Amino acid sequence: METYSAAQKQRLIELNADSTIVNREFETIEERNKCFKMTEKEFIRDNKEKLNRLIEEEHIPLTLRVEDILEDWLTEDEGFTRVATPIIIGADKVKKMNIDNDNHLREQIFWLDGRKCLRPMLAPNLYEVMRDMYRITRKPVRIFEAGSCFRKESQGAQHMNEFTMLNFVELDSVRDGEQMDRLETLARGAMKALDIDDYELVRESSGVYIETLDIEVDGIEIASGAYGPHPLDANWGIFEPWVGIGFGLERIAMVKGGYQTIKRAGKSISYVNGIPLKL
Ligand code: ATP
Ligand code: MG
């Protein structure tokens, strides 16, 4: 039995062929090469059609549309306010998140110099803004940010060094004990807005206070939620109950678009709206 050559497989993956196509078997090399040519041609035609559709009708790539959908849901239906904070953060913030201790994120941070780094998450800045807004208004705070985060990853189909997180946080909106219910309600609301029916909410608890709620689609984690009171809160001057969820926008686009790898959904000069530009 013959299978596609490494170069042929690579090309088919680039064109978003799924594993049944990539791992096809053949009687002879000639048959294989003929099939490759035909399959490649079909995928090129499909991708060209997709590009035309984007240019003529859709105009906004899927990952950015995902951001728009979540933004509309949060601002129009749930009363959240969008904020934008710096991508470059200080080492003191990393310390306050306890990332410098035994956290897997410790090795993943892009340091610019000893005192500054590219943010690996939005939580540190959101903690600060949320606390100050609460101090001024003394009302429940509902804010979110969507923007790039950076982690040194060993790559793979679900990780990129630069990705887009949308993180919302809600402070003093529910009583202590009601946080998990609130998280679930918001997680389900987000999935409804995104038109994703097939998902799982996965609760995990470690320690007394630390309980998390992940949203998974086909075994892929697309978001992680957490709540407080949390052991880190005191570092940030927060003492009221809060809930928050961080969504990976490229992961959502990946599952919605049926992409085999996340790179298709990420910031890129090789792909536009999941379409490879090497056509
Ligand atoms: P994973 O376990 O998949 O590496 P994580 O639990 O470390 O992810 P979180 O800190 O929970 O990630 O970040 C919130 C969300 O951001 C994740 O649920 C995921 O959707 C997304 N995300 C995290 N890291 C990456 C990455 N390197 N590339 C793309 N998306 C990511
Ligand atoms: Mg997570």
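Read the numbers this way: they start at 1 and go in the same order the structure lists the ligands and their atoms. Keep in mind the model is a prediction, meaning the values are calculated, not measured.
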Looking only at atom types and distance, does a side-chain atom of Asp18 sit under 3.5 Å from a main-chain N or O of Thr20, one as donor and one as acceptor?
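Confirmed, Asp18 side chain pairs with Thr20 backbone.
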
From the N, O or S atoms in Glu221, identify the one nearest to the Mg ion (ligand 2).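 The Mg ion (ligand 2) is closest to the Glu221 atom OE2, counting only N, O or S.
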
A cation-pi test, strictly: NZ or CZ of Lys96 under 6.0 Å from the centre of the six-membered ring of Tyr127 and no more than 45 degrees from its axis. Yes or no?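 No, cation not above the ring by the 6.0 Å, 45° rule.
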
For ligand 1, which atoms have a heavy atom of [X] less than 4.0 angstrom away?
| X | value |
| --- | --- |
| Ala223 | 18 (O) |
| Gln158 | 28 (N), 29 (C) |
| Gly246 | 14 (C), 15 (C) |
| Ser224 | 11 (O), 18 (O) |

Check: Should the proximity of Ile262 to ligand 1, defined as any heavy atom under 4.0 Å, be assigned to the side chain, the backbone, both, or neither?
Finding: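 Under 4.0 Å from ligand 1, Ile262 contributes side-chain atoms alone.
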
Does [X] come within less than 4.0 Å of [Y], counting only side-chain N to carboxylate O?
| X | Y | value |
| --- | --- | --- |
| Arg264 | Glu250 | no |
| Arg182 | Glu170 | yes |
| Arg175 | Glu178 | yes |
| Asp132 | Arg135 | yes |

Looking only at protein heavy atoms, which one is nearest to [atom], and what is the separation?
| atom | answer |
| --- | --- |
| atom 26 (C) of ligand 1 | Phe163 CD2, 3.4 Å |
| atom 21 (C) of ligand 1 | Gly248 CA, 3.6 Å |
| atom 14 (C) of ligand 1 | Met165 SD, 3.5 Å |

* Please determine if the Mg ion (ligand 2) has an N/O/S atom from Asp214 lying under 2.8 Å away. =>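 No N, O or S atom of Asp214 is closer than 2.8 Å to the Mg ion (ligand 2), so no.
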
Do you see an N/O/S atom of Ser224, backbone or side chain, under 2.8 Å from the Mg ion (ligand 2)?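 So Ser224 does bind the Mg ion (ligand 2) by this criterion.
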
Is the closest N or O pair between Ile222 and ligand 1 shorter than 3.5 Å?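 Yes, there is a polar N/O contact under 3.5 Å.
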
Which is closest to [atom] in terms of heavy atoms, [options]?
| atom | options | result |
| --- | --- | --- |
| atom 2 (O) of ligand 1 | Glu250, Glu221, Met254 | Glu221 |
| atom 12 (O) of ligand 1 | Glu216, Met160, Arg251, Arg151 | Arg151 |
| atom 4 (O) of ligand 1 | His159, Lys152, Glu162 | His159 |

Ring centres under 6.0 angstrom apart (Phe26, Tyr4):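 Distance test on ring centres: under 6.0 Å, yes.
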
Is Arg24 close to Arg32 at the side-chain level, that is, under 4.5 Å between some pair of heavy atoms?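 No. Closest side-chain heavy atoms not under 4.5 Å.
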
With side chains defined as the heavy atoms from C-beta onward, is the minimum distance between Phe144 and Val169 less than 4.5 Å?
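The answer is no, as the side chains (C-beta and beyond) never meet within the 4.5 Å cut-off.
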
* So, for Arg11 and Lys278, which heavy atoms are closest and what is the spacing to 0.1 Å? ->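 Closest heavy-atom pair between Arg11 and Lys278: NH1-O, 2.9 Å.
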
